[in-house]
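Below you'll find the structure, written out as structure tokens, and then a few comments.
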Amino acid sequence: MAHWFIEIINTKLNFNIYLSAIFDIILIIIYQMNQILLPLLVSVFSLNFSSCSLNTKASSSDLDKPKLVVSIVVDQMRFDNLDKYKESYSNNGFNRLIRDGFNLKNNHFNYVPTVTGPGHASIATGSTPKTHGIAGNNWFDKNTQKDVYCTTDLDYENLGGNAYSAKMSPNNLLVNTLGDLNRIENDMNSKTISIAIKDRGSILMGGKKANAAYWFYGKDKGEWVSSKYYMEELPKWVNNFNNSGFVSDYIREWNTLYDINTYKESRSDDNNFEKSFKGDPSVTFPYDLNMLKDLNDGYDLLKETPFGNSLTTDFAIEAISNEKLGKDQFTDVLTISYSSTDYIGHNFGVDAKETQDAYLRLDLEIERLLNFLDSHVGKNEYTLFLTADHGAAKIPAYLNSIGVKSQNIEEGTVKNILNDVLFKSFGSNQLISKIMNSQIYLNDYTINSLNLNLDIIEKTIINTLSQLDFIDKVYTSNEIINGNFDSGYELLIQNGYNIPRSGDIIFKLKENVISYGNKGTTHGSGYTYDTHVPLIFFGKKIVQGESNVKTKITDIAPTIAKLLGLKQMSDSTGEVLGFVIKD
Ligand code: ZN
Ligand code: ZN
Ligand code: ZN
């Protein structure tokens, strides 16, 4: 398998330079041969078969289309991760995308909350939670008085896993994805396949018309699973892959890819800011995954290491070849989300040696994927984009250590503060059902049955919150729904606000205040550390270049739709970035 090959290069550092030089020479020879042989083959072929090829030949507009669209989302990738480690990246991974593609350096999320479910849904649909309905990873349903997970659907049995595996579908998504539109417009002759370690990173990218979405279930034997929403049983190739014992190869030592002393872009490995694996008091390399596996939910441990991203590439490559993606005139869509960078970022933070290592390894995964696409679909026969579902804040304890005021606050603490005040004023501490995503869901039932005045309760909550030193501003849902905002944080809240699914009162935390425990970090705000993410278009019909023009995450789907010659995405609130598309 290809990760073997990477490992050989990685562990034998001394040979690294020689090996890569040899491979470069081989590549140059192959390239040169192609230059001579290909035109020759093409001319022979067209001479002999030109008469019969007329019947089967696709129209010239079909030939213009890429055979495959590949969407790569890196879970929790800040924009600066492209530049920061540039010197240590290979020439053929991120740097190839930057060099040969169009790099949009000022691309932002245009809503809050900047978390995974809404992030993937917004990339895929070109709209925001206000429209696509994925208002958070979770939201609160006032009718059932229960939390809703964004991709849970009890109507569909899981495929793979066991009786305790979660049941999932894309049914909470209210509008079409790019993949949906592409299938509908091509009379369902096109395919959409979605892959991610995280269920929501896979399901929400594909959409309701996807042929399949796969995600990783790490308990028991470790396997790729899906839902009966898509099919009656897993394809044979998936079962074969699952039975190949592929996960056990990755239970090994996680050490740095290169000499740790060359990791100059991150802080020292040993510090008080990082959260390590369960059962491991150490926050320094190396990590012995054999020892940690049983303390960390079995193969689920792999999610929190760079090997989760390697597993994702392994499976994506299997999917491309077994599903014959990009092999006919109907453009297919493959969505891949690399989830492990998010787990690693949460545990170790954005400036950690562990995070730097995760990116240097992910770069090689991108290179491996591009090389496979070149050989299987063809160089310049596919169009690809790379972006992220959100960024992340620096760890508050670390920021404080360098003199930047920062704070952790948990939503439970906010709830306790409010309940104390509400009990004193109204005699009940049951007036709030839930606080999530910096939104307060009021308990309408209790408020009505106690005959309390909703307005006065809201004012009391707003007054209390406004006096807290970690809160910047507080809004009622009416202010957000009816406000006329052209820009600013209020517009981000409005774009992220879904009327049936979002809360009654919305608060904005101050900059560098995060809703998390005191080690590690998170994301979710509308500040640039969470909104500013990479966006690179690459491949067929993409202009080579870069720009600092401000773009929005919702521009991606309509831009690709335009490139594919599809009709406009009717629910998208983004704009076509025409300047990245070749005429
Ligand atoms: Zn995420
Ligand atoms: Zn560390
Ligand atoms: Zn996250």
Side-chain angles (χ1 to χ4, degrees), residues 1-8 151 156-169 191-203 205-206 210-254 289-327 332 334-340 343 361 365 368-369 371-373 375-376:
M1 275 167 115
H3 61 257
W4 266 49
F5 166 79
I6 290 171
E7 199 59 24
I8 291 167
T151 47
Y156 295 95
E157 294 295 316
N158 47 296
L159 287 171
N162 57 34
Y164 304 101
S165 303
K167 296 175 176 41
M168 304 263 157
S169 93
K191 281 190 171 181
T192 306
I193 305 277
S194 290
I195 292 163
I197 290 276
K198 287 187 187 177
D199 45 38
R200 59 189 183 276
S202 177
I203 293 168
M205 280 306 294
N211 300 76
Y214 299 102
W215 56 96
F216 183 71
Y217 184 70
K219 310 233 170 23
D220 307 333
K221 66 173 185 178
E223 60 197 303
W224 289 94
V225 300
S226 187
S227 157
K228 281 207 174 176
Y229 175 86
Y230 302 100
M231 54 201 146
E232 273 311 297
E233 48 187 43
L234 290 174
K236 205 166 157 230
W237 69 264
V238 176
N239 285 325
N240 288 345
F241 189 78
N242 282 340
N243 293 330
S244 69
F246 69 102
V247 278
S248 47
D249 287 5
Y250 288 111
I251 298 293
R252 56 191 171 193
E253 186 181 79
W254 174 21
L289 304 190
N290 256 312
M291 186 199 79
L292 292 168
K293 181 176 166 262
D294 292 334
L295 300 164
N296 287 270
D297 304 315
Y299 294 109
D300 270 342
L301 168 66
L302 292 173
K303 296 178 178 179
E304 303 187 37
T305 73
F307 306 130
N309 288 337
S310 306
L311 280 176
T312 307
T313 315
D314 293 344
F315 191 68
I317 284 174
E318 289 292 314
I320 296 165
S321 56
N322 286 287
E323 296 290 345
K324 300 185 171 52
L325 299 181
K327 283 294 181 191
D332 300 318
L334 171 68
T335 79
I336 303 168
S337 177
Y338 285 108
S339 310
S340 293
Y343 295 102
R361 287 173 184 272
E365 295 300 323
R368 180 155 73 102
L369 181 71
N371 287 344
F372 186 77
L373 288 166
S375 66
H376 186 86

**Item:** Atom NZ of K324: over 12 foreign heavy atoms under 6.0 Å
**Value:** no
Is there a donor-acceptor pair closer than 3.5 Å between any side-chain N or O of [X] and the backbone N or O of [Y]?
| X | Y | result |
| --- | --- | --- |
| N158 | A166 | no |
| S202 | A213 | no |
| T192 | N211 | no |
| K303 | K198 | no |
| T312 | A196 | no |
| S375 | F372 | yes |
| S340 | T305 | yes |

**Request:** Could you walk me through whether T335 and S194 pass the side chain to side chain donor-acceptor pair (under 3.5 Å) test, one step at a time?
**Result:** CA-CA 5 Å; T335 79; S194 290; 2.8 Å; yes
[X] versus [Y]: any side-chain heavy-atom pair under 4.5 Å?
| X | Y | result |
| --- | --- | --- |
| F315 | V238 | yes |
| I251 | F307 | no |
| I203 | Y230 | yes |
| S227 | K167 | no |
| L325 | K191 | yes |
| W215 | M168 | yes |
| Y217 | N162 | yes |
| N240 | N322 | no |

Give me the atom names and distance for the closest heavy-atom approach of [X] to [Y].
| X | Y | value |
| --- | --- | --- |
| N243 | K221 | OD1-NZ, 3.2 Å |
| L334 | I195 | CD1-CD1, 4.0 Å |
| S310 | Y250 | CB-OH, 3.5 Å |
| A316 | I336 | CB-CD1, 3.7 Å |
| S248 | G245 | OG-O, 2.8 Å |

**Request:** Determine the interplanar angle of the Y156 and Y229 rings, folded into 0 to 90°, and report it as parallel if under 30°, tilted if 30 to 60°, perpendicular if over 60°.
**Result:** perpendicular
**Request:** List the steps, then state whether side chain to side chain contact (heavy atoms under 4.5 Å, CB included) holds for R361 with W254.
**Result:** CA-CA 11 Å; R361 287 173 184 272; W254 174 21; 3.9 Å; yes
Would you give the length of the straight line joining atom [atom1] of [X] to atom [atom2] of [Y], rounded to the nearest 0.5 angstrom?
| X | Y | atom1 | atom2 | result |
| --- | --- | --- | --- | --- |
| N239 | W224 | CG | CH2 | 14.5 Å |
| T151 | D199 | OG1 | CG | 4.0 Å |
| K293 | R252 | NZ | CZ | 15.0 Å |
| S244 | E223 | OG | CD | 11.5 Å |
| E233 | S226 | CD | OG | 12.5 Å |
| N309 | I197 | CG | CD1 | 7.5 Å |

**Message:** Between I193 and Y214, does the side chain to side chain contact (heavy atoms under 4.5 Å, CB included) criterion hold? Intermediate values first, please.
**Reply:** CA-CA 8 Å; I193 305 277; Y214 299 102; 4.2 Å; yes
**Fill in**
ring-ring contact (aromatic ring centres under 6.0 Å, His included) filter on Y338, not counting sequence neighbours, yields none
**Item:** Side-chain ion pair, K219 and D297, N-O less than 4.0 Å
**Value:** no
**Item:** Short N-O contact, R368 and D314, less than 4.0 angstrom
**Value:** yes
**Prompt:** By side-chain contact (heavy atoms from CB on, under 4.5 Å), which residues pair with V247, not counting sequence neighbours?
**Reply:** F216, Y299, L302, L311
